[in-house]
Visitor: 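Just passing along the structure, written as structure tokens.
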There are 2 protein chains.
Amino acid sequence: MVMKPRRRTAPAKMSDIARLAGVSPSTVSRALAGSPLVTARKREEIHRLARERGYVVNSTARNLRLQRTQTLGVVIPLAHETSQPLSDPFFMEMLGWLADAITQRGYGMFLLKVLPPMEGWLTDLIASQRADGIIVIGQSTEHQTLEAAALHYKPLVVWGGHLAAQSYCTVGTDNLAGALAAVEHLIKLGRKRIVFVGDPAVPEIGLRYEGYRLAHERAPGLRAPPHLVSSHLTPDTSYEAVRAFISAGGNCDAIFAATDVIAMSALRALTASGISVPSQVSVVGFDDIALAAHSNPPLTTVRQDIERGAHTLVDLLFRRMAGEDAPSSTMPAELVVRESSC
Amino acid sequence: MVMKPRRRTAPAKMSDIARLAGVSPSTVSRALAGSPLVTARKREEIHRLARERGYVVNSTARNLRLQRTQTLGVVIPLAHETSQPLSDPFFMEMLGWLADAITQRGYGMFLLKVLPPMEGWLTDLIASQRADGIIVIGQSTEHQTLEAAALHYKPLVVWGGHLAAQSYCTVGTDNLAGALAAVEHLIKLGRKRIVFVGDPAVPEIGLRYEGYRLAHERAPGLRAPPHLVSSHLTPDTSYEAVRAFISAGGNCDAIFAATDVIAMSALRALTASGISVPSQVSVVGFDDIALAAHSNPPLTTVRQDIERGAHTLVDLLFRRMAGEDAPSSTMPAELVVRESSC
DNA sequence: GGCCCTTACGAGATCGATTGCATGGCCAAG
DNA sequence: CTTGGCCATGCAATCGATCTCGTAAGGGCC
């Protein structure tokens, strides 16, 4: 599409301010940068003029000259997701905290949501030099892509599960330990048939499933029922999966859901089937999104410290941008017991 | 902070590709742009080389030359919000749809979250020419700022309530009609004491409160109880407000909440106080966020078509960027009756 | 008064792409 | 064989800032 090349009133440029101040653009540049090379008197005069005229440095030109963008790329890959809206509040809360952390550092945030078909999304973003560093929220099923990119491109950090042999830098919760604690909590309550709901193909979820399996292995005489696969981003698929399970006569006394969104859908599916929570079936989620405390009944879940996670992501990324080879970081998970499991 | 000026392996530039292909940068530029001025044979050869070397045009340089950024600014002002996380799923779902709509047009998305102290956030963004157009999600309490900016800057659209005399372009739901329908629904159910929970200082919420008041005026013999003021972004303040209301002996048979987040907190507060929904108290929300259908009981609410809203915002913005003086747009609201009001 | 050193400032190159204009080669018509 | 026209291509200016380097002015000292 063709755009008009110019706005009605072209914004002032540095040379305009220079002319007004009776100096050269060099001096204006230095004055605005607070350089001591320019006399205090002139510096203040230039600042005053700039403020009056509403002059702000053109960031495109500055970035070209300085060979940096003062911007971080934040990518949300949704390969495993067929439906459009990215609605998992966990990602969204993460985005909010990232926005804070990035802004605090004086950087901007270039947001990219990637949907299938996903080809070259990462290499192209890197090559376009639109960002000084990249944060990928969630591995989705793009482990290979990340692996390949990390070989050549250092300022890259990923929120997600830490897999055995991986060369890219991740920040994430100890999914296995968290899941283990959650399921052991259910076992301690005397629950015998605990169903897992989630899609283990996504690395993070896979690790949670491992924790679930491990808890069963450690409990004598307990066997894990077949788990229900369900994409973790839409409430609907999870709801249907649980309802189908129940109406097919599947019986269980607890549900361990891979995310809080799934857990809340499970809660509703159980209620709709006339099953009461927690007296008949206990439900435990994962994430501790803001709404988890406000579901009905409030949800027992494994808390991930999103705020800390966001700050760690940004911190590691800055260290990598500075050339350091900052390593992955795993944060502890914390079981939060509420009324959906008693 | 000082950054290393260069990455370990400097990315290829256009002149590199030109040298490899044995042509001038001009020809490479034209070839990559698909210009018919360059022979098909050469064009393909250049494309092949670029692909092999992973060359992608440096967007900063291109943008400087073309005097545009191929990027839209998306701003979330949170003046009225003291706590940090931006957690209202409504805004987040909007962000997701905006990301889609903007990506579809081949544009990027520069995300900015603005917290107090909010000074010059809009004028600076405009002057920096970082974006070709700006979308502001929610007026917050920044009506004056928007009004002032719109005088000089045309490619600006705002999600929010349409106020009487306003010169900036808004897209929003018919808040008044939606609220009217919701409250009339409650009245038809025989509810007599309907409490409003929300903060009318935010324009959108103010209009919803107007609808609430209007429904009471039209119903003979009905008087609105005092409303509960509560910021609409945190679940906690709303929860506390409702609990305090009840334990202070306030009695009501229905709650009309300004947003779904508030409504879900109210649901939980009622349950915690031993009041059953909907048999004793009906609850109606506003927004129809994804989780509204999955609360317990599922929430009756006023649906805003977020997807359409996002597309309208982007559509109007592009028309404004093209120089057209596109007008505000108000979309119909739709009452969705679920089990929280029967 | 002359010399040197410091200091404030400007001229001009530079970042990497796009594009108007000039040019050289080739083909066809005369 | 010449000449005119067209087409593909390259040269160089341009976008708006930053920063190196050179220089003029000013001040101190002998």
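Throughout, protein chains are lettered first and strands after them, A, B, ... in sequence-line order, and every chain is numbered starting at 1. Since this is a predicted model, take the numbers as computed values, not measurements. Only heavy atoms go into these numbers, but all of them, side chains included; no hydrogens, no water, no symmetry mates.
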Visitor: Could you list the protein-to-nucleotides 20-24 of chain D atom pairs, N/O on both sides, closer than 3.5 Å?
Guide:
none

Visitor: If the sugar-phosphate is the primed atoms plus P, OP1 and OP2 and the base is the rest, what is the B/S/- string for nucleotides 22-28 of chain C, using protein heavy atoms under 4.0 Å?
Guide: -------

Visitor: Looking at dT18(C), I'd like to know if its phosphate oxygens (OP1 or OP2) sit under 4.0 Å from a side-chain N or O belonging to Arg62(B).
Guide: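 Yes, within the criterion.
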
Visitor: Nearest to the Arg65(B) side chain among dG10(C), dA13(D), dC9(C), which nucleotide is it?
Guide: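 From the listed options, dA13(D) comes nearest.
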
Visitor: Out of dC9(C), dA17(C), dG16(D), which nucleotide sits closest to the side chain of Leu64(A)?
Guide: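 Of the options given, the side chain of Leu64(A) lies nearest dG16(D).
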
Visitor: Val157(A) and side-chain contact (heavy atoms from CB on, under 4.5 Å): which partner among Thr170(A), Leu313(A), Leu72(A), Val136(A)?
Guide: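 Going through the options one by one, the only one that passes is Leu313(A).
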
Visitor: Establish, with yes or no, whether the OP1 or OP2 oxygen of dG16(D) is under 4.0 angstrom from a side-chain nitrogen or oxygen of Thr60(B).
Guide: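 Answer no for this pair, as no side-chain N or O of Thr60(B) is under 4.0 Å from OP1 or OP2.
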
Visitor: I want to verify a distance call: between dG16(D), dG10(C), dT19(C), whose nearest atom is closest to the Gln67(B) side chain?
Guide: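 Out of dG16(D), dG10(C), dT19(C), the nucleotide with an atom closest to Gln67(B)'s side chain is dG16(D).
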
Visitor: Is it true that a side-chain atom of Asp16(A) and a backbone atom of Lys13(A) form a donor plus acceptor pair closer than 3.5 Å?
Guide: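 At least one qualifying donor-acceptor pair exists.
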
Visitor: Please determine whether a side-chain nitrogen of the Lys or Arg among Arg48(A) and Glu45(A) lies less than 4.0 Å from a carboxylate oxygen of the Asp or Glu.
Guide: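 Looking at Glu45(A) together with Arg48(A), the answer is yes, because their closest N to O distance falls below 4.0 Å.
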
Visitor: Is Tyr55(A) close enough to dG16(D) that one of its side-chain N or O atoms is under 4.0 Å from OP1 or OP2 there?
Guide: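 False: Tyr55(A) side-chain N/O out of range (4.0 Å or more) of dG16(D) OP1/OP2.
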
Visitor: Should Ser15(A) be listed as having a side-chain N or O under 4.0 Å from OP1 or OP2 of dG16(D)?
Guide: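 For Ser15(A), the contact criterion (side-chain N or O under 4.0 Å from OP1 or OP2 of dG16(D)) is not met.
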
Visitor: Which nucleotide in the set dG16(C), dG16(D), dT19(C) lies at the smallest distance from any side-chain heavy atom of Lys13(B)?
Guide: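 Closest nucleotide to the Lys13(B) side chain: dG16(C).
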
Visitor: When the distance from CZ of Arg68(B) to P of dC15(D) is rounded to whole Å, what number comes out?
Guide: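 In whole Å, dC15(D) P lies 16 Å from Arg68(B) CZ.
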
